[in-house]
Amino acid sequence: MKNLYTMYGEDMQIAKYNASGNDFVIFHTFYELDRSKLAQELCHRQKGVGADGLIVLLPQGEYDFKWQFYNSDGSVASMCGNGTRACAHYAYTQGLAPKQMRFLTGAGVIQSEVIGSVVETELTTPKVLSESFEENGLTWHFCDTGVPHLVTFVEDVALFDKMIARQMRYKYNANVNYAMLEENALHVRTYERGVEDETLACGTGMAACFYSAYRQKRVGQNAKVYPRSGEELFMRIEDQTLFFKGAVQKVFETVWEH
Ligand SMILES: N[C@H](CCC[C@H](N)C(=O)O)C(=O)O
């Protein structure tokens, strides 16, 4: 019988997940430790498993669990939309939580529901962080969908400029998104803080683009969203609450001997 939680010091049973191109290493344990260095080690694309982030699930009294979330550079982030979808599927399939679960993140309580290989997450209440403003010849919208995001709408996401994105990321300490609107659909490219590069998908980034478009009445309450990976995800808003749905994939499980 596998230990429900991996005892500290033993070799760790870890899982690799892909959530629309945003990928994660996930494991569960009793022990809350600073895992910043472990995150860098596990997320390293050549020397480790390779991932955009590390998610560690821990026991939590009131909720199904709580998590630690680290970006691949070892920095801690309060939320990760795609990470909630991946860890909900992991928690359910590992018998750590029911299909409908509530867990504690750095941004507050998150609710997720597992429906086969699809997971829907209710995100934290979005917050506008500043008036829209002009910079680098673009109009920027600044909001928080669990973590801070800058959003600019362009004619074509091919106009995504990594140099400008990186400059805006450091100046505002935020993730940076370029979005293109189609008939009730958004194409999004994201430069992710803590990965320090463009990722193939960013959940809170897609939510920030959808929320910014909704506030400008450029999309309805439901929209399809396509990140750089091209996978199809669904965003909707109800009473100022954002819901984010899409498929996740457990790529493999292994033992990490450390
Ligand atoms: N890089 C983000 C955290 C991960 C967000 C992203 N992977 C998502 O799916 O929301 C930050 O440091 O603010």
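Count residues from 1 along the sequence. Since we're looking at a predicted model, the values are computed, not measured. Ligands are counted one by one from 1 in listed order, and the atoms in each one are counted from 1 as well. Below, each value reflects all heavy atoms present in this structure, side chains not excepted, and no hydrogens, waters or symmetry copies.
- When all heavy atoms of R85 and V248 are compared, the closest pair comes out as NH1-CG1, 3.4 Å.
- Residues of the protein with a heavy atom under 4.0 Å from ligand 1 are N22, F69, N71, A77, M79, C80, G81, N82, V147, N175, E192, R193, C202, G203, T204, listed by chain and number.
- Taking a cutoff of 4.0 Å between a charged side-chain nitrogen and a carboxylate oxygen, E135 and K171 qualify as a salt bridge.
- Partners of Y226 according to the ring-ring contact (aromatic ring centres under 6.0 Å, His included) rule, which considers only residues two or more places apart in sequence or in another chain, are H187.
- Contact check on E32 versus K66 returns a salt bridge, with a Lys/Arg side-chain nitrogen under 4.0 Å from an Asp/Glu carboxylate oxygen.
- Scored by the ring-ring contact (aromatic ring centres under 6.0 Å, His included) test, Y90 finds H28 as partners (sequence neighbours excluded).
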Exercise answer: donor-acceptor pairs, residues 209-220 side-chain atoms, under 3.5 Å, sequence neighbours excluded:
unit_1: Y211; atom_1: OH; unit_2: Q240; atom_2: OE1; d: 3.3
unit_1: S212; atom_1: OG; unit_2: A208; atom_2: O; d: 2.7
unit_1: Q216; atom_1: OE1; unit_2: R218; atom_2: NH1; d: 3.0
unit_1: Q216; atom_1: NE2; unit_2: H141; atom_2: NE2; d: 3.2
unit_1: Q216; atom_1: NE2; unit_2: S212; atom_2: O; d: 3.1

